[in-house]
Enquirer: 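Here you go, one structure.
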Amino acid sequence: MTGHQTVTQARVGNNYFLKAVGAISTLAGWTSATMIVLAVAITCQMIFVRFVLNHSTIWQTEMVVYLVIAATLIGLPYVQRLRGHVNVDLIPLMLPRPVRFYLCILTLTISIAIIAVMFWYGAEFWHFAYERGWKSDTVWGVRLWIPYLSLPVGLGLLMLQLTADLVAVVLKIDLPFGLEDS
Amino acid sequence: MDPLTLSGLVALTTILVLFSGVSVAIGLLIVSAGFLLVFDGARSLELMPEILFGKLDNFALLAIPMFIIMGSSIASTRAGADLYEALERWLTRVPGGLVISNLGACALFAAMSGSSPATCAAIGKMGIPEMRKRGYPDGVAAGSIAAGGTLGILIPPSVTMIVYGIATESSIGRLFLAGVMPGLMLVGLFMAWSLYSTARSGDRELLTARAYSWREKFEILPRVLPFLIIILGVLYAMYGGIATPSETAAVGALLCLLIAMVIYKLWNPRDLWVVLRDSTRESVMILFIIAAAGVFSYMLSSLYITQSIAEWIGTLDVNRWWLMGAINIFLLIAGFFLPPVAVILMAAPILLPIIVTAGFDPIWFAVVLTINMEIGLISPPVGLNLYVINGIAPDIPLKTILSGSMPFVLCMVLAILLLCLFPGIATWLPDLVMGAAV
Amino acid sequence: SEELRLSHQWSNQDVRNKVAQIVADEVAAADVDLDIKIFGSQSLFKAREQYTPLSRGQLDMTILPLSYAGGQQPAYNLTLMPGLVKNHDHAARLNNSDFMKALQEIMAQDDVMVLVHGYLAGGFAGTKGCITKPEDVAGLQTRAAGKAFEQMLAGAGASIASMSSSEIYNAMQTGVLDAANTSSSSFVSYRIYEQVKCYTPAGDVALWFMYQPMLMNKSTFEALNEEQQAALLDAAAKAQAFYLEEAKKEDAASADVFREAGVEIATMSQADFDAWRALAQKTSYAKFVEDTPDGQKLLDMALAVE
Ligand code: NA
Ligand code: NA
């Protein structure tokens, strides 16, 4: 969603862990936004090179694709911090407070578990590409461990932010599912 | 387990998990991991990050953040207000005044933004207070903007059309063109309803528009010019042989950012960051769902569910229109709960073979699908546009926004029926511009 | 019964799906308690994402252009090198050569083995005119199939635009692209004849041959019992014979489709071919040797096949 609504974000209270994780996620968000802007610039450069100069465009398409992938993965923790990942909160809304609290802890724990699994295999995949020296099969031939690095980094930071969210709910610093009492 | 029972189990589990309040993307990953682990063994689990990465490895996806930046850079300026004010000054002879101008502005803005919430926010933040000030009922004010905002994904450019194009390997340029006429038809239907309901409210004054002098009319034109240039520029780039949709989107994003900075003085780094933050937030959310839905569809395919359902439907001997009706109801229900991209990515691989076998045009179907998704955007429990309106006008109760949107939902249902009766509404323009379908 | 999963990127009507189907049917008929499930049209993995899971044992079988994995094993780039293969019979001789043995040793390092060998040919098409010799592409926005062809065409003065074969139609329609090089079957299945003025199909001499074998994970194969292995190898032999015959037919069939659509058909002469090859030696061959360990040795082995 765009603009103008007040952006809700994870509450951190006076907890140093939560503040630190929040800062890391925000930094990741800046990185992600920068990558998207870079993708805009490079694409425009590519059109200029091809349409105006009628030259070859060797590396641009690939670079832009990897930038958008990295922007997505590295942006994950920041969007989690901004409560930007859409969910269906119909049932949590209907539940009484204590049940909602435990459901939130359950869903956060499972979320952390699945992202942890993906982080693990993502890191393994990255390491595999690094060790074997894989390159993309294009003229540019980028070393694939570079774009693949966004997998462990993005998923790892998302895992960290989710853990912070869990801590905040357990310590009652933030509300379960961010829902106010009706 | 036979594949059809298995698909029932997957469907049930998915509903349960998604209703637990977990975020949609992570929920899809959880369901996928669970079924892959049980039915495929650990080796498929190892593949998940690789598949996630692979689903994002597509140049066409670039268009999504680009078209979102186009919308949000303009939305964070006074541009939305300028747009509908210009329309109001020029549409003096058209009865209905402000609500008509607002819907028109939504349609114009939709031609610059690929996303519905952006359209809704851009026009709504000035439009809703203005309409209420002039005495429009809250329901009409909020409902018309919520509904007008949904045009963002029907009138090109459209994020959901891009996703559909990727999922079904259809031409994105053709899909965009297919949305134009149905989009205009919907605007017409929305306007007709707004006029009727305003007239019925008895306040004749609302219907008689204020008169503007020619001076006032021409004064505002330069302020709308940049947008017309952007819209025409994007159309020219895309259909005039300069760039593919993704590339066009990048040019559009750059132009919109520049216009926002130069004409609307969006220089302050803090304000610029708000634009980038909002674009990043929406893009990352959508792209993560796309990636996770990709993992989900890998699971469906790996467990042979997609293939079995398609085969099963193929053996059913039903009238194609019953089939279309059933598909529409399924899409409507899915759209109530899930954001459009998730529905399209999960449903398209299963539905497309069925659609084609039953003799429907996939480009036409994209439009029907999109209108279904538009309904989902203004219906609970996950109605992104409702939340946007709620953010803009927190004092209008959600119930009033909802009841105000209901008639527009009926307009959309009517539009789907019209499209079924006259498929040409969708297919005429793309066939005209790009030749008969490949 | 035991189940093997085969993934590929092509549609049901494609010759490569038919090859997969023959292997699956023959193995089923052999009644050795082995099933092959085919996942076509990229329904499981995207085209370029099949080699990695294959080599890690997460996918059992695939049919793919081996050069897709050229970023992982640079030697594979030799399987899509301009002018290296002269015609289909020459391709068949390559399959039984020392060169192919050397390639298979490299595959074995990735735990991959070949079940069915096969080459498919392709040609050129242009929206403005015919492309037969290097001078014809100068200044054209061109899509080439494969890195080595991109290097060669760039050497001829073409501007290279990278895209997948499914995007050629739209790119030509909007004028982004002036010329394309891809396989005969892709030219037909993506209906490129609606967009071009002239087509240069693979004929008696052809520049573009791509090695597209059926591969299997080696450990998975070795874990099968002897009867199952024998049934697979028998089925593969039958499929390979079929593949060669069909590959020969496709070039002529594609030329017919383009001719019927009113497209001009051009032929590449031996002199044109030699000019391309001389250019390739300076560009793609040289780059290959530079980038690949033992590159010169492998190239010489391939060139030695008569
Ligand atoms: Na739009
Ligand atoms: Na909804």
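Sequence lines set the chain letters: A, B, ... in the order given, protein chains first and strands last, and positions in each chain run from 1.
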Enquirer: For chain B, which of A:Thr61, A:Val68, A:Val64, A:Thr72 has the most heavy-atom pairs under 4.5 Å?
Expert: A:Thr72
Enquirer: Under 4.5 Å from any heavy atom of chain B, what part of A:Ile36 do you find: side chain, backbone, both or neither?
Expert: both
Enquirer: Only heavy atoms, only distances under 4.5 angstrom. Which residues in residues 124-133 of chain A are near chain B?
Expert: A:Phe125
Enquirer: If you look at every heavy atom in A:Ser111 and B:Val22, which pair is closest and at what distance?
Expert: OG-CG2, 3.2 Å
Enquirer: Taking side chain as everything from C-beta outward and backbone as N, CA, C, O, which of these in A:Leu103 sits under 4.5 Å from a heavy atom of chain B? Side chain, backbone, both or neither.
Expert: side chain
Enquirer: For the side chain of A:Asn87 and the backbone of B:Gly21, is there at least one donor-acceptor N/O pair under 3.5 Å apart?
Expert: yes
Enquirer: Check whether A:Arg83 gets within reach of chain B through its side chain, its backbone, both or neither, counting any heavy atom under 4.5 Å.
Expert: backbone
Enquirer: Please determine whether the number of non-hydrogen atoms from other residues, nucleotides or ligands lying under 6.0 Å from atom CG of B:Asp395 exceeds 12.
Expert: yes
Enquirer: Ignoring hydrogens, what is the shortest heavy-atom contact between B:Ser246 and A:Thr43? Give both atom names and the distance.
Expert: O-CG2, 4.5 Å
Enquirer: More than 12 heavy atoms of other residues, nucleotides or ligands under 6.0 Å from CH2 of A:Trp140: is that the case?
Expert: yes
Enquirer: Can you say whether B:Asn58 sits under 4.5 Å from chain A via the side chain, the backbone, both, or neither, judging by heavy atoms?
Expert: backbone
Enquirer: Between A:Pro92 and B:Phe19, is any pair of side-chain heavy atoms under 4.5 Å apart?
Expert: no
Enquirer: With a sphere of 6.0 Å drawn around CZ of A:Arg143, does it hold more than 12 non-hydrogen atoms of other residues, nucleotides or ligands?
Expert: no
Enquirer: With chain A, which of B:Ser283, B:Ala253, B:Pro49 has the greatest number of heavy-atom pairs at distances under 4.5 Å?
Expert: B:Pro49
Enquirer: With a 4.5 angstrom heavy-atom cut-off, could you sort out which part of B:Ile286 is near chain A: side chain, backbone, both or neither?
Expert: neither
Enquirer: May I ask you to name which of B:Leu62, B:Val251, B:Asn390 has the most heavy-atom pairs under 4.5 Å with chain A?
Expert: B:Leu62
Enquirer: Can you see which heavy atom on A:Cys44 is nearest to which on B:Leu254, and at what distance?
Expert: SG-CD2, 3.7 Å
Enquirer: Under 4.5 Å from any heavy atom of chain B, what part of A:Val40 do you find: side chain, backbone, both or neither?
Expert: both
Enquirer: Can you tell me which portion of A:Ala71 sits under 4.5 Å from chain B's heavy atoms? Options are side chain, backbone, both or neither.
Expert: backbone
Enquirer: Can you tell which part of B:Ile64 gets under 4.5 Å to a heavy atom of chain A, answering side chain, backbone, both or neither?
Expert: neither
Enquirer: Taking CZ in A:Phe17 as the centre, count heavy atoms belonging to other residues, nucleotides or ligands within less than 6.0 Å. Is the count above 12?
Expert: yes
Enquirer: What is the distance from atom CG of B:Leu287 to atom OG of A:Ser32, rounded to the nearest 0.5 Å?
Expert: 9.5 Å
Enquirer: Would you call B:Thr248 and A:Ile47 a side-chain contact if the rule is heavy atoms closer than 4.5 Å?
Expert: no
Enquirer: B:Trp273 vs A:Tyr78 aromatic rings, parallel, tilted or perpendicular, using cut-offs 30° and 60°?
Expert: tilted
Enquirer: Measuring heavy-atom distances to chain B, does A:Met46 have an atom under 4.5 Å in its side chain, in its backbone, in both, or in neither?
Expert: side chain
Enquirer: Which atoms of A:Pro152 are under 4.5 Å from chain B, going by heavy atoms: the side chain, the backbone, both sets, or neither?
Expert: neither
Enquirer: For the candidates A:Ile69, A:Leu90, A:Leu162, which exhibits the highest count of non-hydrogen atom pairs separated by less than 4.5 Å from chain B?
Expert: A:Ile69
Enquirer: Hey, which of B:Ile26, B:Leu45, B:Leu29 is the one that makes side-chain contact (heavy atoms from CB on, under 4.5 Å) with A:Met118?
Expert: B:Leu29
Enquirer: Working to the nearest 0.5 angstrom, can you tell me the gap between B:Leu52 CG and A:Leu155 CG?
Expert: 6.5 Å
Enquirer: Would you say B:Met48 and A:Ile114 make side-chain contact, with heavy atoms under 4.5 Å?
Expert: yes
Enquirer: In the structure I gave you, are the side-chain heavy atoms of B:Glu50 and A:Leu151 within less than 4.5 Å of one another anywhere?
Expert: no
Enquirer: If you count heavy-atom pairs within less than 4.5 Å of chain B, which of A:Thr107, A:Asp89, A:Val88, A:Val37 leads?
Expert: A:Val88
Enquirer: Going from CZ on A:Phe177 to OG on B:Ser23, what distance comes out if it is rounded to the nearest 0.5 angstrom?
Expert: 10.5 Å
Enquirer: Nearest 0.5 Å, please: how far is CD in A:Glu62 from CG in B:Asp57?
Expert: 8.5 Å
Enquirer: If you round to the nearest 0.5 Å, how far is CD of A:Gln9 from CZ of B:Arg281?
Expert: 10.0 Å
Enquirer: Go through the atoms of B:Met66 and report whether side chain, backbone, both or neither lie under 4.5 Å from a heavy atom of chain A.
Expert: side chain
Enquirer: Report the residue from A:Val86, A:Val79, A:Leu76 that forms a side-chain contact (heavy atoms from CB on, under 4.5 Å) with B:Phe288.
Expert: A:Leu76
Enquirer: Is A:Ile74 in contact with chain B via its backbone, its side chain, both, or neither, using a 4.5 Å heavy-atom distance?
Expert: neither
Enquirer: Can you say whether A:Thr34 sits under 4.5 Å from chain B via the side chain, the backbone, both, or neither, judging by heavy atoms?
Expert: neither
Enquirer: Check each atom of A:Leu158 against the heavy atoms of chain B and say whether the ones under 4.5 Å are side chain, backbone, both or neither.
Expert: side chain
Enquirer: Mark yes when over 12 heavy atoms from residues, nucleotides or ligands other than A:Trp59 sit less than 6.0 Å from its CH2; otherwise mark no.
Expert: yes
Enquirer: Side chain, backbone, both or neither: which part of A:Leu108 has a non-hydrogen atom closer than 4.5 Å to chain B?
Expert: neither
Enquirer: Of the backbone (N, CA, C, O) and the side chain (C-beta and beyond), which part of A:Tyr148 lies under 4.5 Å from a heavy atom of chain B, both, or neither?
Expert: both
